[in-house]
Colleague: 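Structure in structure tokens, see below.
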Amino acid sequence: MSEPIPAHSLAFFRVAFGSVMLHGIIRTFWLGWVDKLFVEPKFFFTYYGFEWVRPLPGVSIYAVFILMGLCSVLVMLGYKYRIAITTFFVLFTYVELIDKTNYLNHYYLVSLVTFLMIWLPLNSSYSLDVKRMPSLARTEVPRWMLTALLAQVGFVYFFGGIAKLSHDWLFEAQPLRIWLAANSGMPIIGPLLNEKWVAFAFSWFAMIFDLSIAFVLCFRKARPYGYAVLLVFHFLTAQFFQIGMFPYIMTFATLGFFSAGVHKKVLDFLFRPMGLTGPISPIRSTLSSKQQAFLKWGLALFFGIQVLLPFRYLLYPGQALWTEEAYRWSWNIMLIEKAGHAEFTVVDKTTGKLWIEPTCDHLTKQQEKQMSMQPDMILQFAHHLEDVMKERGYADVAVFADTYVAYNGKPGRTLIDPTVDLTEQHDGFAPKNWILPSDEAPRFHLTAAGL
Amino acid sequence: MKKYLLLLVLCFVAIGCDDDVSDNGVTDGQRESMLRALATNVITPGFAEVGNSSLVLDNAVDAFIQAPNATTLTTARQAWITLAKNWKRMEIYQQGLLDPDDDSLIYKIDLGAADFTQRATLIPQMQLESAINAFDGTPNAAYVERLPALLQGIPAIEDLLFNESNGSVLEKFTTASNAEKRKNFFEGLSGSLLLRLRAVEDSWKVSGSAFQQFVNAYGTDLGSSLGMLMNDVVDLAEQMKNQKIGRPLGYYSAQVPQPDSVEARWSVQSLPFFVENLDAIERAFTSDAEGRTGVGVDSLLNYMDAMVGDHNLSAAVIKQLATMRTLALSLGDDLPNAVRTNRAKVDEVYAECLVLLKLLKVDVVTQLGVMITSIPLDGD
């Protein structure tokens with residue numbers, strides 16, 4: 001792992017990832033999502049332990065996105081690289097922490113990769129930093145630096161594949177049967193997508209692809225074929241499913257698996273016109289033993305946590321797809337299609353008065369949809385209602401949730417115990433015993449009795 | 001290696017062809033048949049009825065304006081009730097279905113929930129009076145079309161025909177100082193509504209653009225007809241629960257009843273309209289109307305053996321609609337009065353609305369493989 005490899009492979013990764021990030025930021029602006037996701041909502045679902053994260057007031061959140069776009073350009077050019085990538089990581093992670101209704105696996109990936117990029121000299125060749133400060137130039141870096149970045153990309157595939165080893169995915173072909181059928185209007189292949197066997201073929205192929213592709217790309221001879229399959233796979237997912245930047249991030253990031261010669265050709269093509277090249281005389285990256293130890297242990301911890309996180313669902317009772325406990329940060333990619341309804345009854349304990357608080361008065365439609373099927377958000381919203389009621393002069397209230405959820409084509413069930421006062425419950429890592437089992441018969445007629 | 005791959009392929013094909021695996025595979029052909037049956041049996045005749053009754057209303061309004069008296073007023077009021085009831089059976093077709101080229105059209109015909117919560121206040125009446133007084137000239141649909149949606153369409157006409165809270169309707173059209181302006185304004189209002197509803201009717205004729213787009217978008221993607229239809233069905237069920245029953249009961253106002261926050265407050269038609277809405281959902285669900293039958297959403301669910309608990313899902317939906325209809329009819333026409341005097345029964349209606357909403361929004365939508373949408377965001 002310590003043997004030297006050409007430094008321009010790191011530079012290539014920097015340019016590839018920076019360009020995808022820039023595309024992502026422009027796309028977010030273009031689609032008007034900054035406003036819809038960060039300006040319009042009146043309430044935000046923060047993550048446990050990150051309740052202090054608040055969105056910047058009003059349109060100033062636009063400045064954050066503009067700054068991220070600028071940082072992406074600087075990263076690509078390798079100008080003030082460390083400052084740019086650190087700023088990008090902080091801002092991107094901040095934006096993701098604002099509201100968990102926006103959680104996506106590939107956003108998590110971006111945070112992880114950009115965090116890694118902070119510690120690695122991706123600006124040591126083909127960069128404006130080198131032109132400005134030639135002492136930063138390197139021709140060679142230890143192999144582990146590139147391996148760390150590629151391992152991070154490989155983790156997504158591999159653990160994404162592990163997560164697909166489930167009954168729903170393999171033996172029901174869900175949720176792909178729902179999603180593929182939604183594309184049956186496509187020309188030529190559309191009718192095929194309604195076929196059950198096609199959904200099974202896709203499910204099994206995706207599982208095998210995810211489990212194996214990172215390893216296939218490591219072998220020089222198999223790499224071109226593996227990448228060709230990868231291209232087809234991500235092209236199809238981009239066509240069939242609305243998964244945003246995910247296919248593009250993976251398609252660009254996996255180019256890092258190719259040989260240094262390929263990277264150099266691309267970089268020469270891009271940077272020669274700007275008068276930027278890699279250093280000519282050999283300069284090896286030098287790290288002190290302290291720095292090496294710090295990075296070694298740091299990386300072991302970084303990846304060790306990531307190995308454990310996907311399996312933490314084993315600590316919780318019930319189906320993870322139903323309870324969504326330990327669901328995030330586990331590369332559970334495209335595993336559920338859910339629909340739900342949640343209604344909240346507030347009881348003023350002082351007077352005994354009770355009423356239904358309309359969720360639409362507090363949440364956007366998107367937040368409402370996400371909240372209605374995720375227990376931790378339902379709990380968080382109940383506590384928010386408690387706070388709102390206090391502001392309205394109701395000092396002591398109870399909040400009950402009437403929920404009904406279905407996932408992956410299964411019949412609807414009651415998700416949350418409707419007799420539990422959610423203001424008495426608190427978020428945390430302990431199992432939420434107020435989530436009802438997924439096989440319990442649904443409870444209808446909950447609200448009318450008391451009202 | 002090749003042997004293993006072949007074995008794997010055979011495995012998933014075998015699983016995929018296994019009839020025991022619950023099937024989600026309604027074909028495009030079945031969905032297209034369903035959409036065609038719904039359009040042919042329900043939507044096209046329904047909008048034709050709406051168009052015809054809007055012409056009857058326009059004529060009745062003309063007669064009333066020419067000779068405002070108790071007889072012509074009664075005729076105009078009856079014509080309005082007929083049109084509004086026909087409309088309540090069709091208002092379900094909203095998101096891109098009413099007119100694929102004009103999403104805001106619905107608001108100019110009937111502002112819906114946003115309207116009748118405001119009509120509990122004096123604001124619409126004051127704005128309407130201002131618009132009448134500012135109206136200077138001959139009857140003019142173009143003038144009306146520039147007004148806010150609150151002052152247009154079916155609810156605004158109800159206000160002019162039924163609202164006697166600040167003087168009798170006949171006096172306002174005969175002896176009031178602005179009687180002439182009111183007449184001209186009313187004529188413009190009725191003419192504008194007629195034009196809009198006729199355009200919708202034309203668009204839904206078999207050769208019309210809305211009809212063709214509807215039957216040809218037979219997928220389950222975001223812009224599919226089935227997707228838009230189910231979004232509309234769920235929206236109406238949600239509106240019936242929250243706005244039409246829940247709000248007057250005070251469910252959303254710390255249990256302080258708001259009996260005047262009802263639909264069709266002045267004509268006292270809230271519950272009849274509620275029943276028409278139930279019929280609308282049933283027709284959209286079954287594709288059956290006035291003896292015409294065909295493939296409906298219920299047929300698709302039956303084909304898939306869709307269940308809720310131990311019950312057949314489509315039968316559960318139909319039974320739920322029947323339960324709600326029986327309950328609503330037992331309350332009479334006057335919802336504000338029922339809220340004041342028969343609250344427990346109205347509470348029951350609310351509870352049944354919630355059950356219907358759960359069935360439609362969660363079970364039916366999941367089984368059909370369509371999505372309830374807000375904005376098309378990314379997912380993974």
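In the text below, chain A, chain B and the rest are named by the order of the sequence lines, each starting its count at 1.
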Colleague: Side-chain contact test, heavy atoms from C-beta onward, threshold under 4.5 Å: evaluate it for B:V308 versus A:R413 and give yes or no.
Modeller: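 Of all side-chain heavy-atom pairs linking A:R413 with B:V308, none is under 4.5 Å.
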Colleague: Which answer fits A:A173, side chain, backbone, both or neither, if we ask what part of it has an atom under 4.5 Å from a heavy atom of chain B?
Modeller: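 Looking at A:A173, nothing touches chain B.
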Colleague: Looking at every non-hydrogen atom in both residues, tell me the closest pair between A:W355 and B:Y251 and how far apart they are.
Modeller: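 So the minimum-distance heavy-atom pair works out to CB-O, 3.4 Å.
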Colleague: Which residues pass the ring-ring contact (aromatic ring centres under 6.0 Å, His included) test with B:Y252, sequence neighbours left out?
Modeller: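 Result, ring-ring contact (aromatic ring centres under 6.0 Å, His included) vs B:Y252: none returned.
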Colleague: On a heavy-atom basis, which atom in A:V405 and which in B:V362 lie closest, and how many Å separate them?
Modeller: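 Looking at all heavy atoms of both residues, the shortest contact is C-CG1, 3.7 Å.
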Colleague: Looking at B:D363 and A:G412, would you say the former's side chain and the latter's main chain have a donor-acceptor pair under 3.5 Å?
Modeller: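 The answer is yes, because a donor-acceptor pair under 3.5 Å joins these two groups.
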Colleague: Without swapping roles, check the side chain of B:D380 against the backbone of A:L104 for a donor-acceptor pair under 3.5 Å.
Modeller: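 Looks like no, no N/O pair under 3.5 Å.
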Colleague: Could you pull out all residues at least two apart from A:H362 that satisfy ring-ring contact (aromatic ring centres under 6.0 Å, His included)?
Modeller: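 A:H362 satisfies ring-ring contact (aromatic ring centres under 6.0 Å, His included) with A:F381, A:H384 once adjacent residues are dropped.
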Colleague: Which is it for B:L354 and A:Y404 under the side chain to side chain contact (heavy atoms under 4.5 Å, CB included) test, yes or no, and what are the steps along the way?
Modeller: CA-CA 10 Å; B:L354 180 56; A:Y404 191 66; over 6 Å; no
Colleague: Taking all heavy atoms of B:R31 and all of A:A181, pick out the closest pair and write down the distance.
Modeller: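 For B:R31 and A:A181, the tightest heavy-atom pair comes out as NH2-O, 4.3 Å.
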Colleague: At a heavy-atom separation under 4.5 Å, does A:N332 approach chain B through its side chain, its backbone, both, or neither?
Modeller: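 Contact with chain B involves the backbone of A:N332 alone.
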Colleague: Quick check on B:L357 against chain A: is it the side chain, the backbone, both or neither that has a heavy atom closer than 4.5 Å?
Modeller: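 Side chain only.
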Colleague: Checking side chain to side chain contact (heavy atoms under 4.5 Å, CB included) for the pair B:T366/A:K410: CA distance, chi angles, key distance, verdict?
Modeller: CA-CA 8 Å; B:T366 300; A:K410 296 173 173 54; over 6 Å; no
Colleague: I'd like to know if B:K241 pairs up with A:E343 as an ion pair, taking the criterion as any Lys NZ or Arg NE/NH1/NH2 lying under 4.0 Å from an Asp or Glu carboxylate oxygen.
Modeller: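 Yes, this pair counts.
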Colleague: Under 3.5 Å, is there a donor-acceptor pair between the B:K361 and A:H341 side chains?
Modeller: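 There is such a pair (donor and acceptor under 3.5 Å, judged by atom type) between the side chains of B:K361 and A:H341.
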Colleague: Can you confirm whether A:K349 is buried at NZ, in the sense that more than 12 heavy atoms of other residues, nucleotides or ligands lie under 6.0 Å from that atom?
Modeller: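 Buried by this count: over 12 neighbours within 6.0 Å.
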Colleague: Less than 4.5 Å to any heavy atom of chain B: does that hold for the side chain of A:Y394, its backbone, both, or neither?
Modeller: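 It is the side chain, since no backbone atom gets that close.
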Colleague: A:K338 versus chain B, heavy atoms under 4.5 Å apart: side chain, backbone, both or neither?
Modeller: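 Interface part for A:K338: neither.
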Colleague: Checking heavy atoms, do the side chain of A:M373, its backbone, both or neither come under 4.5 Å from chain B?
Modeller: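 Neither part.
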Colleague: I need the minimum non-hydrogen distance between A:G409 and B:Q367, along with the two atoms involved.
Modeller: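 Heavy-atom minimum between the residues: O-NE2, 2.9 Å.
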Colleague: I'd like to know which of A:N105, A:T237, A:I336 tops the heavy-atom pair count under 4.5 Å against chain B.
Modeller: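 Going by pairs under 4.5 Å, I would pick A:N105.
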Colleague: With a 4.5 angstrom heavy-atom cut-off, is it the side chain or the backbone of A:E337 that approaches chain B, or both, or neither?
Modeller: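 Only the side chain of A:E337 comes within 4.5 Å of chain B.
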